[in-house]
There are 2 protein chains.
Amino acid sequence: MTDTLMTIREMCDAYDVTPRTLRFYESKELLSPIRQGQKRLFTHRDRARLTLILRGKRFGFSLEQIRQLLDMWDGGRGQVAQLDRTIEVGRERLDELRRQRDELDNAIEDLQGQLSGAERMLDAMRTPHAAE
Amino acid sequence: MTDTLMTIREMCDAYDVTPRTLRFYESKELLSPIRQGQKRLFTHRDRARLTLILRGKRFGFSLEQIRQLLDMWDGGRGQVAQLDRTIEVGRERLDELRRQRDELDNAIEDLQGQLSGAERMLDAMRTPHAAE
DNA sequence: AATACCGTTGACGCTTACGTCATGAGAACG
DNA sequence: CGTTCTCATGACGTAAGCGTCAACGGTATT
């Protein structure tokens with residue numbers, strides 16, 4: 001059943017990633033598909049993790065950070081403490097994202113300013129100069 | 001006069017960069033200090049260019065892009081056409097920055113949502129459960 | 001002269017997240 | 001049986017931007 005076990009290609013199609021990516025994630029211990037002979041078969045658990053991995057990437061977590069978060073979940077007893085920590089890490093990331101956005105806002109404003117300055121200069125250069 | 005010619009160290013102090021960085025930029029033909037024997041001496045032109053380099057980096061231009069823009073300026077006759085092109089490149093960068101900011105905004109909102117969801121879960125886990 | 005600096009040129013290292021080969025095994029098709 | 005697919009492993013390549021040696025030269029001070 002494709003629903004419980006998926007080949008690498010099915011995974012690629014479903015999540016829009018390359019085989020290389022999945023093998024890479026496995027090598028980083030983010031995924032741990034079972035083997036049928038040599039071939040990888042991805043379980044439900046792998047899919048859940050991959051979903052979280054891709055989500056984490058959107059948030060700008062590094063793969064290493066994601067691995068740690070993931071490992072906390074199925075490694076850790078004491079769910080409450082784990083969740084606490086997860087939230088903390090998430091908050092830090094959120095702050096960082098906000099800082100990034102602020103910097104980006106500044107850069108955007110500055111660049112806008114530069115551009116309108118340059119445009120004025122361009123207009124001046126194009127405008128026929130009156131003889132004195 | 002330090003005002004017209006600066007040593008590598010003076011440059012580093014003035015612009016808060018390392019010697020390695022300045023040599024790296026020279027190797028990439030972004031700067032072209034003159035030599036006094038072996039030593040580099042940075043001219044007014046180098047400083048003007050470095051200012052633009054650092055500004056460009058803030059805007060997310062790659063060093064290669066910056067080099068091209070810089071070279072357009074002192075390479076090109078036909079200033080008007082050059083400026084035109086510069087503005088075009090700048091506009092593209094501005095659009096890209098805005099796209100990035102929008103993505104960042106989305107990620108921030110999503111992460112906020114995830115966090116508040118997780119916090120509610122945490123509260124539920126902490127709240128003593130009433131016996132039925 | 002010896003020490004302490006400042007400067008120089010290589011050249012390799014590092015990070016992240018994969019892309020791209022080269023090579024080979026195993027299965028399906030005609 | 002030969003070709004073609006899909007998959008596997010392993011290793012090197014890439015992008016950007018420097019950091020960090022190593023080994024050496026000239027200058028200034030003590």
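Proteins get letters first, then strands, A, B, ... in listed order; numbering begins at 1 in each.
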Inset, instruction - With heavy atoms under 4.0 Å as the rule, sort B/K28 into base, sugar-phosphate or nothing. - result: nothing
Inset, instruction - Report the nucleotide, chosen from D/dG17, C/dG19, D/dC7, that has the shortest atom-to-atom distance to any side-chain atom of B/K57. - result: D/dG17
Inset, instruction - First locate atom CZ of B/R98, then atom CD of B/E103, and finally report the distance between them rounded to the nearest 0.5 Å. - result: 15.0 Å
Inset, instruction - Give the rounded distance in Å between these two atoms: CD of B/Q36 and C1' of C/dT8. - result: 14 Å
Inset, instruction - Round to a whole Å and report the spacing from CG of B/L31 to P of D/dG17. - result: 14 Å
Inset, instruction - Report the distance from atom OH of A/Y25 to atom P of C/dT16, rounded to the nearest whole Å. - result: 14 Å
Inset, instruction - Classify the nucleic acid contact of B/R40 as base, sugar-phosphate or nothing, counting any heavy atom under 4.0 Å across all strands shown. - result: sugar-phosphate
Legend entry - N/O (side chain, B/T7) to phosphate O (OP1/OP2, C/dC6) under 4.0 Å: no
Inset, instruction - Look at B/R67 and D/dA16 and indicate whether a side-chain polar atom (N or O) is within less than 4.0 Å of OP1 or OP2. - result: no
Inset, instruction - Could you state the atom-to-atom distance from CZ of A/R20 to P of D/dT9 in whole Å? - result: 11 Å
Inset, instruction - Answer yes or no: does atom CE of B/M121 have more than 12 heavy-atom neighbours from other residues, nucleotides or ligands under 6.0 Å? - result: no
Legend entry - Polar side-chain contact B/R23-C/dT8 base: donor and acceptor under 3.5 Å: no
Inset, instruction - Please state how far atom CZ in B/F24 lies from atom C1' in D/dT20, giving the value in whole angstrom units. - result: 15 Å
Legend entry - Whole-Å distance separating the CZ atom of A/F42 from the C1' atom of D/dC7: 11 Å
Inset, instruction - Inspect the surroundings of CD in A/Q36 and state if more than 12 heavy atoms from other residues, nucleotides or ligands are less than 6.0 Å away. - result: no
Inset, instruction - Considering just the side-chain nitrogens and oxygens of A/T18, establish if one lies under 4.0 Å of OP1 or OP2 belonging to C/dC18. - result: no
Legend entry - Nearest-nucleotide pick for A/T21, side chain only, options being C/dG7, D/dG19, C/dC18: C/dC18
Legend entry - Identified salt bridge (charged side-chain N to carboxylate O under 4.0 Å, His left out) partner of B/E26 from the options B/R35, B/R67, B/R20: B/R35
Legend entry - Which atom of A/L22 lies closest to which atom of A/C12, heavy atoms considered: CD1-SG, 3.9 Å
Legend entry - Presence of B/S62 side-chain N/O under 4.0 Å of D/dA15 phosphate oxygens OP1/OP2: no
Inset, instruction - Report the distance from atom CZ of A/R9 to atom P of D/dT4, rounded to the nearest whole Å. - result: 19 Å
Inset, instruction - Please state how far atom NZ in A/K39 lies from atom C1' in D/dC5, giving the value in whole angstrom units. - result: 9 Å
Inset, instruction - Could you please name the option among D/dC18, C/dC18, D/dG17 that lies closest to any side-chain atom of A/L63? - result: C/dC18
